[in-house]
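Side-chain atoms are counted along with the backbone in the values below, which use heavy atoms only and exclude waters and symmetry mates.
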Protein chains: 2
Amino acid sequence: MSQQRTGPTDGPDFPDLPEATVARLPEYLRALHHLAEEGHDTVSSEGLAAAAGVNSAKLRKDLSHLGRTGTRGVGYDVTLLIDQIEQVLGLTHRRAVALVGVGNLGHALAGYAGFGSRGFRIAALFDADHGRVGEHINGLVVRHIDDLPEVVDEESISIAVIATPAHAAQNVADRLVAAGVTSVLNFAPCVLNVPEGVDVRKVDLAIELQILSFHEHRKSALTALPGRAGQDLQRADRLGAEAVGS
Amino acid sequence: MSQQRTGPTDGPDFPDLPEATVARLPEYLRALHHLAEEGHDTVSSEGLAAAAGVNSAKLRKDLSHLGRTGTRGVGYDVTLLIDQIEQVLGLTHRRAVALVGVGNLGHALAGYAGFGSRGFRIAALFDADHGRVGEHINGLVVRHIDDLPEVVDEESISIAVIATPAHAAQNVADRLVAAGVTSVLNFAPCVLNVPEGVDVRKVDLAIELQILSFHEHRKSALTALPGRAGQDLQRADRLGAEAVGS
DNA sequence: GTCTGTGAACCGCTTCACAGCC
DNA sequence: GGCTGTGAAGCGGTTCACAGAC
């Protein structure tokens, strides 16, 4: 092979991380920034794990995939670890993001400060409704979705957020992909069909509530019973987090 | 034991589902409603799996946990399966939900129609800012967070959504739990510390984008290389969904 | 023949427990 | 002595492949 698969050993190059680890790195990053603000220079796996809501063995294994990051007997250097994680996540430059659909939810997302402070810049807003085109939101002008190809190209956008109604989402996704977008965050409650090489993540608010509903349902079923069965409740919560008082 | 752990065999009682299955049932439910609207009476595991963006073996195994649900040689009865899943998820009655924090995002969530149509009713809005208390949003009046215990009790609320800034979230969670809430959907970018028996799910928009950023970073690292390494791109997308044109 | 339900193999992730370095 | 990095064991979930009901 012309280029070896870069192992986890050498520094700034590209390790091949387990998907579960990738999903947790952003949480570690957030916790680390919080620790840095509080003036910590260094943190133990135990401390960082608590701040991120995971157990310390998992954290250590996750970080071990990044190469040598900590110091035995001491812990992790906070700012160094922040740099390493941002490096791996590709957050060394601020990525431009397009947002499609400026209805109820899209409006809120367009104004969400958390994007700006955590590596992203909302670079363009789109809507299919001519009545909304031209509206100013948070310093940006809403453009018509027909302008997608042009703007995606100008702003070098590779990530887009879909906040349209479900019935419009597939069409929007198709147009985004055609324009060159290769990652999509989908808030519409539907499955998107995209070609290979395009990543889709989905956030469905009602689904989250329905999952909670299941657990509520179970809890009330169990507590309704006396005795032995009630004790199962102690097994019932899977998500009781420890950690970080703000 | 005084009460046997109810197996997956008998109908309306309470099966003990794998967490991964629970997380997918809502997606099946959404797909089924869509199929029902289109007039389908019955659907094969293949068809439903496609509409929900999973593979058919997984779907069949998931549904097998609910007891006998399909008919061999035929498929699944759409309306029957909807009933069974809603039963299991505890969606037979519309659950009251409290929403805390009516800023940017909270405002949008308060107006989100998807909650209403999928088993939930936003029963109360809260904010700590006296300037916002009294405001009308979508037919509801914003109340002060001090009224939490009273309202949670009156409306029999067991699920709450936190849409406050991160620094306020832990305090809000504590108050919610004290008021009797046992499930929380947290939009604030922080870890919540809650007692055993309380479930927390977290949605962090910036984290979703950061995960996508990682994949973008990897894709560009790979496509920058010619030859062998570029072929790995075909392994790179984990989420290319098939299915359901709307 | 068709399509579901399911044991068995497989795989990835988590957890344990400790060796190795500070 | 303290804390990280990591093989090994354990566990849950996914996939395979086919038996069995229609």
According to a strict under-4.0 Å criterion, is Arg24(B) in side-chain N/O contact with OP1 or OP2 of dT14(D)? yes

Closer than 4.0 angstrom, basic N to acidic O: yes or no for Lys202(B) and Glu208(A)? no

Whole angstroms only, please: what is the CZ-C1' distance between Arg68(B) and dC22(D)? 14 Å

Identify whether any heavy atom of Thr21(B) sits under 4.0 Å from a base atom; if not, whether one sits that close to sugar-phosphate; answer base, sugar-phosphate or nothing. nothing

Length of the line joining Leu66(B):CG and dT4(C):P, which is rounded to integer Å: 14 Å

Step by step, work out the salt bridge (Lys or Arg N to Asp or Glu O under 4.0 Å) result for Arg218(B) and Asp199(A). CA-CA 12 Å; Arg218(B) 173 165 64 175; Asp199(A) 287 295; over 6 Å; no

Spacing of Tyr76(B) atom OH and Leu63(B) atom CG [to the nearest 0.5 Å]: 5.0 Å

Nucleotide dG7(D), atom P - distance to NE2 of His65(A) in whole Å: 11 Å

Tell me which nucleotide among dT4(D), dG5(D), dG5(C) gets nearest to the side chain of Ser45(A). dT4(D)

Would you indicate whether Asp41(B), at its atom CG, is surrounded by more than 12 heavy atoms from other residues, nucleotides or ligands within a distance under 6.0 Å? no

dG13(D) P sits how many Å from Asp62(B) CG, rounded? 10 Å

Whole-Å distance, Leu17(A) CG to dC13(C) P, equals 11 Å

Could you please spell out the steps behind the side-chain contact (heavy atoms from CB on, under 4.5 Å) verdict for Gln87(A) and Leu66(A)? CA-CA 10 Å; Gln87(A) 175 75 236; Leu66(A) 307 183; over 6 Å; no

Okay, side chain of Asp77(B), backbone of Leu81(B): is any donor-acceptor separation there less than 3.5 Å? no

Side-chain atoms of Ser44(A) come closest, of dT4(D), dT6(C), dT4(C), to dT4(D)

Between the protein and nucleotides 18-20 of chain D, list every N/O to N/O distance that falls short of 3.5 Å.
residue, atom, partner, partner atom, Å
dG20(D), N3, Arg72(B), NH1, 3.3

Please confirm whether the shortest side-chain N or O distance from Asn55(B) to OP1 or OP2 of dT15(D) is below 4.0 Å. yes

Want to settle it: does Ala57(A) or Lys61(B) sit nearer the 5' end of DNA chain C, counting the closest nucleotide to each? Lys61(B)

OP1 or OP2 of dC22(C) sitting under 4.0 Å from any side-chain N/O of Tyr76(A)? no

Write down the distance between CD (Glu19(A)) and P (dG12(C)), rounded to a whole number of angstrom. 12 Å

Here the distance between atom P of dT2(C) and atom CD of Glu46(B), to the nearest Å, is 13 Å

Leu81(B) atom CG is separated from dT4(C) atom P, nearest whole Å, by 11 Å

Minimum-distance pair of heavy atoms, taken over all atoms of Val191(B) and Arg30(A): CG2-NH2, 3.5 Å

